[in-house]
Amino acid sequence: MDGVIYNSMPNHARSWHQAMAAAGIEMDESEAYLYEGMRGVETIKLKARQQWHRDISDEEAQKLYELKAKVFSQCPPALKMEGTEELMRQIKADGLKICVVTGSAQHTLLDKIVEDHPGLIDPALIVTSYDVTHGKPAPDPYLAGMKKAHINPWEAIVVENAPLGVQAAVAARCFTIAVNTGPLPDEELTSKGADLLMPDMKTLRDQWSHWHSYPSEYLV
């Protein structure tokens with residue numbers, strides 16, 4: 001969702017930095033891109049463990065996540081990522097299912113993604129942090145997505161912009177396309193095992209028909 005369907009990561013990065021600073025935790029905006037895809041409460045627990053040298057409870061982490069969500073809600077609405085909606089229409093035309101796998105737990109964002117893409121996104125094919133105990137980089141979110149879509153790993157194509165998301169998709173044994181829509185160097189994505197690297201969603205949109213028609217032995 002974030003960084004693939006919406007150009008929302010700059011808002012998330014600022015929100016993480018401001019909310020964690022208010023709680024006494026240092027978190028640079030750039031770190032949001034490294035931890036992107038991880039369940040919010042897991043990110044908070046990780047940062048607290050690093051800086052407070054103790055494990056915090058689920059309740060403490062949830063309160064901090066709610067603070068982050070409140071800060072995020074005050075940001076200007078994020079625009080759709082250029083090229084993504086046209087790509088989704090191509091994917092649908094090719095007879096494939098679209099499943100959104102996100103670490104988000106914000107109901108307003110999850111409702112909005114369906115409303116903004118009528119006929120393209122089925123609410124029954126959305127995996128959120130509520131669906132898994134272990135978020136990215138564990139394979140669980142993508143395993144849950146494949147279960148909802150009733151497909152096997154070798155039938156799945158994952159589009160990811162986050163290093164942890166790429167790691168999760170590779171661990172789930174899916175063909176993984178990394179799209180670098182953020183400020184991280186390409187190596188942060190390719191080092192996690194991505195099968196393809198694209199510079200942006202427009203390039204993936206433009207090249208979809210070309211490589212999607214290739215026999216699988218040319219892609220793996």
Side-chain angles (χ1 to χ4, degrees), residues 1-10 12-13 30 32-38 78-104 113 117 120-121 125-127 135-220:
M1 182 169 68
D2 300 302
V4 171
I5 297 177
Y6 293 107
N7 188 18
S8 48
M9 278 308 298
H12 279 292
S30 63
Y33 293 88
L34 291 173
Y35 299 133
E36 182 189 354
M38 185 181 290
L79 299 176
K80 293 180 182 179
M81 191 70 72
E82 188 175 356
T84 299
E85 187 166 349
E86 297 95 326
L87 173 61
M88 287 197 289
R89 295 192 186 283
Q90 291 183 48
I91 290 171
K92 280 283 199 178
D94 285 335
L96 303 182
K97 300 174 183 178
I98 295 174
C99 181
V100 177
V101 179
T102 175
S104 176
I113 196 173
H117 302 87
L120 293 175
I121 296 178
L125 291 178
I126 299 178
V127 175
K136 304 170 187 177
D140 303 35
Y142 284 113
L143 295 176
M146 288 186 283
K147 184 176 181 179
K148 288 191 176 191
H150 303 290
I151 62 170
N152 297 300
W154 57 88
E155 299 172 296
I157 299 170
V158 172
V159 179
E160 261 289 355
N161 70 302
L164 296 184
V166 171
Q167 188 176 339
V170 171
R173 298 184 296 136
C174 300
F175 186 85
T176 306
I177 303 172
V179 184
N180 196 352
T181 60
L184 299 177
D186 289 346
E187 290 74 19
E188 289 285 355
L189 299 168
T190 56
S191 66
K192 302 300 184 182
D195 296 286
L196 287 178
L197 176 70
M198 298 284 174
D200 50 48
M201 292 303 295
K202 291 185 295 181
T203 303
L204 179 55
R205 173 201 62 192
D206 295 340
Q207 295 188 10
W208 173 266
S209 296
H210 174 68
W211 72 260
H212 181 247
S213 63
Y214 279 12
S216 61
E217 60 264 26
Y218 291 105
L219 296 177
V220 177

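A quick note: this is a predicted structure, and the numbers were derived from the prediction, not measured. Residue numbers run from 1 in the order of the sequence given.
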Reported CG-to-CD1 distance for the pair L96 and I151, which is rounded to 0.5 angstrom: 9.0 Å
Within 6.0 angstrom of E155 CD, more than 12 heavy atoms from elsewhere: yes
Side-chain donor or acceptor of D195 paired with backbone N/O of T176 under 3.5 Å: yes
Within-4.5 Å side-chain heavy-atom neighbours: M146 and N152: no
Heavy-atom side-chain contact between M201 and E82 under 4.5 Å: no
E85: partners by salt bridge (charged side-chain N to carboxylate O under 4.0 Å, His left out), with sequence neighbours left out: K80, R89
Side-chain heavy atoms of M9 within contact of Y33, under 4.5 Å: yes
Minimum-distance pair of heavy atoms, taken over all atoms of V170 and G193: CG2-O, 3.5 Å
Any residue meeting side-chain hydrogen bond (donor to acceptor under 3.5 Å, both in side chains) with E86, in chain and number order, not counting sequence neighbours: none
Nearest atoms (heavy-atom pairs only) where A13 meets A32: CA-CB, 3.6 Å
Closest contact, heavy atoms only, L120 versus K92: O-CE, 3.4 Å
Atom pair CG/SG of L143 and C174 - distance to nearest 0.5 Å: 7.5 Å
Value rounded to 0.5 Å, distance of CG in L197 from CG in D186: 4.5 Å
Check: T203/D200 side-chain N/O donor and acceptor closer than 3.5 Å: yes
Candidate pair M88 and I98, rule side-chain contact (heavy atoms from CB on, under 4.5 Å), full reasoning: CA-CA 8 Å; M88 287 197 289; I98 295 174; 3.6 Å; yes
Point-to-point distance, once rounded to the nearest 0.5 Å, from CG of N161 to CE of M198: 14.5 Å
Where at least one partner belongs to residues 162-173, residue pairs that pass salt bridge (charged side-chain N to carboxylate O under 4.0 Å, His left out), sequence neighbours excluded: none
Salt bridge (charged side-chain N to carboxylate O under 4.0 Å, His left out) involving K148 - partner list, sequence neighbours excluded: D131
Flag if over 12 foreign heavy atoms under 6.0 Å of NZ, K147: no
side-chain contact (heavy atoms from CB on, under 4.5 Å) between M1 and Y6, worked out: CA-CA 6 Å; M1 182 169 68; Y6 293 107; 4.0 Å; yes
Minimum heavy-atom distance V127-A144, with the two atoms named: CG2-C, 4.0 Å
Nearest atoms (heavy-atom pairs only) where A178 meets A194: CB-CB, 3.6 Å
Over 12 foreign heavy atoms within 6.0 Å of NZ, K97: yes
Q167: partners by side-chain contact (heavy atoms from CB on, under 4.5 Å), with sequence neighbours left out: P137, L164, K192
Distance (rounded to the nearest 0.5 Å) between T190 OG1 and L196 CG: 12.0 Å
Student check: side-chain heavy atoms of V100 and I121 closer than 4.5 Å: yes
Verdict with reasoning, I177 to V158, per side-chain contact (heavy atoms from CB on, under 4.5 Å): CA-CA 6 Å; I177 303 172; V158 172; over 6 Å; no
Test item: K202 and L87 side chains (from C-beta on) under 4.5 Å apart, heavy atoms: no
Residues in side-chain hydrogen bond (donor to acceptor under 3.5 Å, both in side chains) contact with E160, at least two apart in sequence or another chain: K136, Y142
Heavy-atom check, side chain of V4 versus side chain of V179, under 4.5 Å: no
Pairwise side-chain contact, H117 with I5, heavy-atom cut-off 4.5 Å (strictly under): yes
Residue pair S8 / G3: nearest heavy atoms and the distance that separates them: OG-N, 4.0 Å
Short side-chain to backbone donor-acceptor contact, N180 and L184, under 3.5 Å: yes
